[in-house]
Asker: 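Structure in structure tokens, see below.
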2 protein chains.
Amino acid sequence: MKNTVQYFRALADETRLRILALLLNSGELCVCDLTATLQLPQSTVSRHLSYLKNAGWVNDRREGVWIFYMVSADNDLKRQLAEVLKERLADIAVVEEDIRRLASFAEGAHCA
Amino acid sequence: MKNTVQYFRALADETRLRILALLLNSGELCVCDLTATLQLPQSTVSRHLSYLKNAGWVNDRREGVWIFYMVSADNDLKRQLAEVLKERLADIAVVEEDIRRLASFAEGAHCA
DNA sequence: GCAATATATCCGGATAGGCGAATATGTCAA
DNA sequence: TTGACATATTCGCCTATCCGGATATATTGC
């Protein structure tokens with residue numbers, strides 16, 4: 001039960017929902033892409049990523065200087081929720097903008 | 001977006017998940033049945049019901065002295081989440097016990 | 001080793017939200 | 001109108017979590 005509550009607690013925040021929407025849309029992203037897309041302070045983005053990781057919602061992978069995050073849907077509940085999020089978040093205006101903004105960055109050209 | 005966050009915030013608490021699991025299982029229940037089943041102080045149950053109502057997760061209906069609560073899944077997101085909850089919460093030990101305890105009460109014999 | 005970049009963590013301060021005993025409100029029946 | 005019961009709200013207290021600037025900690029290339 002505690003895990004279940006934690007999964008939902010992690011979803012109870014606008015920034016984290018935006019992050020998950022972007023990751024579900026793109027597969028994986030590094031912190032700098034997320035920071036640029038969300039237009040939020042780097043410490044804020046990093047803190048929320050750390051929260052999502054602790055809650056079991058994302059994994060990370062280092063590649064040189066960059067750390068890429070991806071959604072980890074490794075049980076039935078998370079899998080089903082991820083499906084709902086992928087389908088429903090895309091309708092929300094802020095998320096639409098985020099996805100558009102992310103797409104407008106040059107491919108593979110991470111960070112400033 | 002604010003509504004979406006609020007839906008998830010309402011799910012980010014063990015007591016509220018237990019309440020929703022019971023309501024999804026039974027259709028509707030009065031506060032005294034919930035209090036007896038959850039074995040929590042009445043003020044706690046009432047407070048969480050009020051939270052769920054504000055968040056748009058439940059509706060209530062008065063019948064004499066009793067107030068019955070039922071899940072309100074009146075949009076796609078809530079409908080899909082309710083489906084996931086109904087399927088997934090039932091596996092959790094605490095919820096199984098709750099449902100068993102509720103069933104053990106005499107039918108229609110509300111409250112002490 | 002040093003500079004540059006990416007990421008994580010620390011800090012102080014604000015706010016939300018949890019709890020349960022006590023109390024208020026609402027409804028019915030006699 | 002009074003008593004009994006169901007429900008809601010108030011209260012003080014405590015913990016979690018948010019924020020973002022400042023500061024650490026990688027990692028890479030020179």
Asker: Whole angstrom is fine here: how far is it from CG in B:L49 over to C1' in D:dA8?
Answerer: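 Result: 11 Å.
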Asker: To the nearest Å, give me how far apart CD (A:E63) and C1' (D:dT27) are.
Answerer: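 Between C1' of D:dT27 and CD of A:E63: 13 Å.
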Asker: Can you measure B:L40 atom CG to D:dT7 atom C1' for me and round it to whole angstrom units?
Answerer: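 Rounded to whole Å, this separation is 16 Å.
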Asker: I need the CG-C1' distance between B:D33 and D:dT7, as an integer number of Å.
Answerer: 13 Å
Asker: Starting at atom CG of B:D60, determine the distance to atom C1' of D:dA8, rounded to an integer number of angstrom.
Answerer: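 To the nearest whole Å, that distance equals 11 Å.
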Asker: Answer yes if the side chains of A:E87 and B:Q80 hold a donor-acceptor pair under 3.5 Å, and no otherwise.
Answerer: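 B:Q80 and A:E87 do have a side-chain donor-acceptor pair below 3.5 Å.
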Asker: Distance criterion of 3.5 Å, no angle test: do you see the side chain of A:Q42 paired donor-to-acceptor with the base of C:dA6?
Answerer: no
Asker: Roughly how many Å is it from CG in B:D13 to P in D:dT15, rounded to a whole number?
Answerer: 17 Å
Asker: Taking atom types as they are modelled, would you say the side chain of B:R47 forms a donor-acceptor pair with the base of C:dG18 within the 3.5 Å cutoff?
Answerer: no
Asker: With nearest nucleotides of DNA chain D determined for B:V45 and A:R16 from heavy-atom distances, which residue corresponds to the more 5′ nucleotide?
Answerer: B:V45
Asker: Give a yes or no on whether the backbone of A:R101 and the side-chain of A:S104 come within a donor-acceptor separation of less than 3.5 Å.
Answerer: yes
Asker: When you measure from the centre of the six-membered ring of B:F68, is the NZ or CZ of B:R62 closer than 6.0 Å and no more than 45° off the axis?
Answerer: no
Asker: Are the charged groups of B:R61 and B:E63 less than 4.0 angstrom apart, N to O?
Answerer: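 Here B:R61 pairs with B:E63 in a salt bridge, since their nearest N and O are under 4.0 Å apart.
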